[in-house]
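Below is one structure; the comments refer to it alone.
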Number of protein chains: 2
Amino acid sequence: MTVVKKKTIKDVAELANVSISTVSNALNGVNVVTPETKQRVLKAAAELNYVPNLMGKQLRSGETKMLGFFTDSVSGPYFYVLVEAISRAVAKLGYGMQVIVPSDHKTLMNNILGNVVDGAIIFEHMINDDDIQQILMHSVPTVLLDRPAHGPKMSSFIFNSQAEGYEATKYLLNLGHRRLGFLAGYENNHDSHLRYAGFKQAIEEAGLNSDEMPVLSGLFEEEASYNAVKSYLHYADEPATAFLAGNDLSAIGAMKAIVSLGYKVAEDFSVMGFDDIEISQYFRPALTTVRNPIARQGILAVDELLAMINGRVGGTEQVLDGELVIRDSTGFAKR
Amino acid sequence: MTVVKKKTIKDVAELANVSISTVSNALNGVNVVTPETKQRVLKAAAELNYVPNLMGKQLRSGETKMLGFFTDSVSGPYFYVLVEAISRAVAKLGYGMQVIVPSDHKTLMNNILGNVVDGAIIFEHMINDDDIQQILMHSVPTVLLDRPAHGPKMSSFIFNSQAEGYEATKYLLNLGHRRLGFLAGYENNHDSHLRYAGFKQAIEEAGLNSDEMPVLSGLFEEEASYNAVKSYLHYADEPATAFLAGNDLSAIGAMKAIVSLGYKVAEDFSVMGFDDIEISQYFRPALTTVRNPIARQGILAVDELLAMINGRVGGTEQVLDGELVIRDSTGFAKR
DNA sequence: TTTGCTTTGGCAAGCGCTTTCACGAAACTT
DNA sequence: AAGTTTCGTGAAAGCGCTTGCCAAAGCAAA
């Protein structure tokens, strides 16, 4: 096995005894080359192990046939469902996908705006309002996930978090619960706020006072939620009989706290989450939760992005509805 | 908000009243520009919202400061632990990472060899032996995961599957089990074969006959394993008292089968898996398994890759040891 | 043979950038 | 005052590729 200097289109041209442009035409299937010439070129290319330099190609043609999915973290169950859906949809349409995890903010923006990809799918918390202005100015086709912003060549898909919070709470209310606790997520999280807004709305509609309902800090984390619920249950005189957690992880923390105090989930305290992450169906008791159409979001994002790349102006803002998944962590109120 | 034509380095040069090269020098921190000139350039660049075209940059410089992680599927719990680890390690070293999910094999190879990334991390099943030869010829720095192959600029990291199979089996043997079943993975899977080899080795060492031990087809899937174990338990006269599954998913299928037949996991039948995926600790009973150092594999892969990019020849083949994680799905043999 | 048309392949420009090199001015040295 | 060094800047080459345009060649018709 010999390591050889990288071959260029020029080398192929020389070996096949044709011009560079002919090689390019032959290799790209442009139909202006006689079959014999084409064969000669293909043979030469194979012989030299020629692989086109995509940088050159892309610089010249101005397109990369790649969609970029920009994110800073790839952990979490939400993530890979999304990426899986996106990558399949993208491949079906003749594009490739790159998940780009940039080392810093500048690299991020350079990658979005620097012609590395033909279009970008961007996670909510990756960029700020200034960045959005930048992207708009450069008119890079973009789809924003979980962040409502739009403009020409920029669309967004968000979950209907308030409605979901409302529906979830109503479900709990219908089970007879009258004292409900809410386990909030991060301080500034959009979704957490909306879910709480839905929670409040349902409470008020039922004729109850939402200010009397305890709001615990769960931070979207299992441990923080565990601690919050445990100490709450310890000190509360007449504790809530049902908890709506900001997400499934938080709900799992709550359930563990309940069990650790010797109570039974569903029987003594109902718990509900959001997201329907994979664990939720395996955990015992299996978690009642609200499932977001994550995969659908990814597929729609790709469709929208490709439409924009191919000339449609875009600029829509679509709201995706969730779905109640009732399992074993919720039950009728006994008190 | 006005959409403007894409600005190039030339536009910045004109506005700042300097040459193109001076702009380049100023922007890239090359220290041959007077502070005043540099300021002027920076101001002009900001004013024009200039973002360098990475294609041009990379074509010229021949490096992308990007590492590529090539995979066809991004699902599975194994995957995102790995990507998370890789992306963090990469960012720390001033590189970016791209997870590239190509639409077809040709695209894959073009992306690996077409100067899109400075180095590649490739999953076992993505490429065949010919591809490896190709990569070697083009001397693209590469790290192979779970596939033992190497050469100049090509290293690999594999798990010590046989030793893990051996240790897991010994653990079961020490619990007193004398009839052990093995739930095999895919037909041609390297890891599955090695795990079974370790299984056999431990059995023989204990003075038992490995040919008498039932091998069920679990296909690394929950459902297939469920069915295999259920029908086995149904028909076997003196069934095995412990099952070593090819992976955790398979083990979970086995446990569900056991429960569905009215037996108790651990008490009636012990079950063990491989991988320690996230679900395993949440499932009840929590699964005894063998944890592979996935994150460590990712970090080591990045280190090795960067070393090769920076000139080291590489070509090592490193074996990573797993670790027994004992939880609640295994117990002493009662029969 | 000449003319007009189509087919085939080659030339050269240029995508946006970095980098080498040379030039001229300013700051030194003798 | 003349030679030498230092330093900032710009001109231009060229990374590998595609593509518009033109020349050559083949062929049919006149």
Side-chain angles (χ1 to χ4, degrees), chain A residues 4-42 44-45 48-66 110-111 113-118 138 140, chain B residues 4-42 44-45 48-66 110-111 113-118 138 140:
Chain A
V4 279
K5 205 193 148 297
K6 203 131 216 168
K7 297 303 179 186
T8 71
I9 198 171
K10 203 177 150 200
D11 299 311
V12 179
E14 279 168 9
L15 183 62
N17 232 336
V18 292
S19 78
I20 290 180
S21 34
T22 302
V23 175
S24 175
N25 284 332
L27 255 32
N28 292 300
V30 180
N31 208 15
V32 289
V33 190
T34 48
E36 306 89 71
T37 315
K38 186 165 180 174
Q39 275 314 309
R40 223 168 55 245
V41 171
L42 256 35
L48 294 174
N49 272 306
Y50 169 71
V51 175
N53 181 316
L54 292 184
M55 293 295 117
K57 192 171 192 149
Q58 291 165 6
L59 174 60
R60 174 60 224 233
S61 67
E63 58 172 29
T64 65
K65 287 283 174 192
M66 280 278 166
N110 280 354
N111 272 279
L113 303 175
N115 291 73
V116 178
V117 291
D118 292 348
H138 287 258
V140 176
Chain B
V4 282
K5 205 192 149 296
K6 203 130 216 170
K7 298 303 178 186
T8 70
I9 198 170
K10 202 177 151 199
D11 300 309
V12 179
E14 277 168 12
L15 183 62
N17 232 334
V18 292
S19 77
I20 290 180
S21 31
T22 302
V23 174
S24 175
N25 284 331
L27 256 31
N28 292 299
V30 179
N31 208 15
V32 289
V33 190
T34 48
E36 305 89 73
T37 316
K38 185 164 179 175
Q39 276 314 309
R40 223 171 54 246
V41 171
L42 255 35
L48 294 173
N49 273 307
Y50 170 71
V51 175
N53 181 316
L54 291 185
M55 293 296 118
K57 192 170 191 151
Q58 290 166 6
L59 174 58
R60 174 59 225 236
S61 67
E63 58 172 31
T64 65
K65 288 282 172 193
M66 282 277 168
N110 280 353
N111 272 280
L113 303 176
N115 290 72
V116 178
V117 290
D118 292 348
H138 286 259
V140 176

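It should be emphasised that the depicted structure is a prediction, and the values quoted were computed from it without experimental measurement. Scope of the values below: all heavy atoms of this structure, side chains included, with no hydrogens, waters or symmetry mates.
- Between A:Met66 and B:Asn111, some side-chain heavy-atom pair lies under the 4.5 Å cut-off.
- Comparing the helix axis at one end of the helix from C:dT1-D:dA30 to C:dT30-D:dA1 with that at the other, each defined from 5 consecutive pairs, gives an inter-axis angle of 60° (nearest 10°).
- Mapping heavy-atom proximity under 4.0 Å, the span of DNA chain C touched by chain B runs 5' to 3' from C:dG16 to C:dT19.
- Residues from residues 49-61 of chain A lying near DNA chain C, meaning a heavy-atom separation below 4.0 Å, are A:Leu59, A:Arg60 in numerical order.
- Rounding to the nearest 0.5 Å gives a distance of 10.0 Å between CD of A:Glu14 and CG of A:Leu48.
- At least one side-chain heavy atom of B:Pro52 sits less than 4.5 Å from a side-chain heavy atom of A:Asn110.
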Could you go through residues 15-24 of chain B and list every donor-acceptor pair under 3.5 Å that involves a side-chain atom there, pairing it with any protein atom two or more places apart or in another chain?
residue : atom : partner : partner atom : Å
B:Ser19 : OG   : B:Ser21 : N            : 3.4
B:Ser19 : OG   : B:Ser21 : OG           : 3.1
B:Ser19 : OG   : B:Thr22 : N            : 3.3
B:Ser19 : OG   : B:Thr22 : OG1          : 3.1
B:Ser24 : OG   : B:Asn28 : ND2          : 3.4

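- Spacing between atom NZ of B:Lys10 and atom P of D:dA11 amounts to 12 Å, rounded to whole angstrom units.
- The two atoms that bring B:Leu113 and B:His138 nearest to each other are CD2-CB, 3.8 Å, heavy atoms only.
- Rounded to the nearest 0.5 angstrom, A:Thr34 OG1 and A:Glu36 CD are separated by 4.5 Å.
- Across all strands, A:Asn28 comes closer than 4.0 Å only to sugar-phosphate atoms, never to a base (heavy-atom distances).
- For B:Glu63 against B:Gln58, the heavy-atom pair with the smallest separation is O-CG, 3.5 Å.
- Atom CD1 in A:Ile9 sits 6.5 Å away from atom CG in A:Leu27 (nearest 0.5 Å).
- Taking both residues in full, the closest heavy atoms of A:Val140 and B:Lys6 are given as CG2-NZ, 4.3 Å, listed atom of the first, atom of the second, then distance.
- The two residues B:Thr8 and B:Tyr50 have their closest heavy-atom pair at C-CE1, 3.5 Å.
- With sequence neighbours excluded, the residues forming a side chain to side chain donor-acceptor pair (under 3.5 Å) with A:Asp118 are A:Thr64, listed by chain and number.
- Between B:Lys57 and B:Leu54, some side-chain heavy-atom pair lies under the 4.5 Å cut-off.
- If you take CG of A:Asp11 and C1' of D:dC17, they are 13 Å apart, rounded to a whole angstrom.
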(request) Starting at the 5' end of nucleotides 4-9 of chain D, put B wherever the base has a protein heavy atom under 4.0 Å, S where only the sugar-phosphate does, and a dash everywhere else. (result) ----SB
